[in-house]
Amino acid sequence: MRPAFKNYIGVMDSGLGGISVLQEMTRELPNERYVFFGDSAHAPYGEKSVETVQQLTLSIAEKMAAEGVKAIVIACNTATSAAAGLLRKTFDMPIIGIEPALKPAATSADSHRVLVMATPVTLSLKKYHDLWEKYAGYADCASQPCPGLARRIEQGNLDAPDVIEMLTRFLGPYRGKIDSLVLGCTHYPFVKKQIRQVLGDGVKLYDGGRGTARELRRVLASRHVLRRPEDGPGGVVFKSSIDTPEEIQLYKMFYHMNLEE
């Protein structure tokens, strides 16, 4: 298939969660051209084996590389943890990953009790354990696996009662007991409003999207490949392993969703 853009930034995720990172990137670098690929046919990665996640991620990256991308962003915490190292050994272009924002949460002067919510696989991998060893000592930290949550967010209709019920099951026991929450999956920023309904408005929410966007700018600038306004307009093209108009429309709806701050 002919690529939508030349020298674009490829953004991949296990589904539509990485669109929350894409939002940050298009705000940070509006002149760039992006192709977002969501592997919704195999979502969520957070409940698959490491080997399966590596195979799926590598397959997507190979297709992007064949189209001549200038950088790949793995907008998925699980895929970053499981496959970023493999991709960096395989390809010459920059590979930018994302990780749970434990560092800014734990080291903030306002953070004393921090909870990390993430997929079971993200919490089980060495990359997360290394992050935990490095920063968890700065505050009273805990981790909460949230099996099924990313899959549910993929379905849309986020104000439905079952979303609140699921979040209450995972987060309800922490109400009044934490001051900071790390959203350790790129799907989770889409339910910030619902999370606040469960935990209250006093909890500060952290996710890795903004830091990933800034790292992308830094890497592209270091290679002198940032697009300038005079290079023409930027843009976004959405693709999915569920190749239907309805799925692409769902992606576009999430992209235009106003995330709660």
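Counting only distance, with no hydrogens or angles, the side chain of Thr80 and the backbone of Ile74 share a donor-acceptor pair below 3.5 Å. Side chain of Asp243 to backbone of Ser240: no donor-acceptor contact under 3.5 angstrom is found. Between the side chain of Arg214 and the backbone N or O of Glu28 there is no donor-acceptor pair closer than 3.5 Å. In this structure, the side chain of Glu215 does not engage the main chain of Gly97 through any donor-acceptor pair within 3.5 Å. A donor-acceptor pair is defined here as one N or O able to donate and one able to accept, closer than 3.5 Å; such a pair exists between the side chain of Arg175 and the backbone of Val198.
Within the 4.5 Å cutoff, the side chain of Val21 has heavy atoms near those of the Ile98 side chain.
Ring centroid separation for the pair Tyr34 and Tyr8 does not come in under the 6.0 Å cut-off.
Under 3.5 Å, the side chains of Ser20 and Thr186 contain no donor-acceptor pair of N or O atoms. A side-chain donor-acceptor contact under 3.5 Å links Ser40 and Glu247. Glu99 and Asn77 share no side-chain donor-acceptor pair at under 3.5 Å. Residues Gln144 and Tyr174 have side chains that bring a donor and an acceptor to within less than 3.5 angstrom of each other. In the model, Thr122 has no side-chain atom that pairs as donor or acceptor with a side-chain atom of Ser81 under 3.5 Å.
The CG atom of Leu115 lies 9.0 Å from the SG atom of Cys141; values are rounded to the nearest 0.5 Å. Taken to the nearest 0.5 Å, the CZ atom of Arg218 stands 8.5 Å off from the CD1 atom of Ile96. The line from CG of Leu56 to OG of Ser14 is 9.5 Å long, rounded to the nearest 0.5 Å.
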Determine whether Val191 and Leu183 satisfy the following criterion, side-chain contact (heavy atoms from CB on, under 4.5 Å), listing intermediate values before the conclusion. CA-CA 10 Å; Val191 289; Leu183 309 181; over 6 Å; no

I'd like to know whether Glu67 forms a salt bridge (charged side-chain N to carboxylate O under 4.0 Å, His left out) with Lys239, so could you lay out the CA-CA distance, the side-chain angles of the two residues, the decisive distance to 0.1 Å, and finally the verdict. CA-CA 14 Å; Glu67 293 180 345; Lys239 297 181 180 182; 3.7 Å; yes

Please evaluate residues Phe36 and Ile19 with respect to the criterion side-chain contact (heavy atoms from CB on, under 4.5 Å), reporting the C-alpha separation (whole Å), side-chain torsions for both, the decisive distance (0.1 Å), and the verdict. CA-CA 8 Å; Phe36 178 90; Ile19 294 171; 3.6 Å; yes

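Classification of Asp130 and Lys126 as a salt-bridged pair holds, one side-chain N sitting under 4.0 Å from a carboxylate O.
Partner of Tyr45 under the side-chain hydrogen bond (donor to acceptor under 3.5 Å, both in side chains) criterion, out of Asp13, Thr119, Asp39: Asp39 alone.
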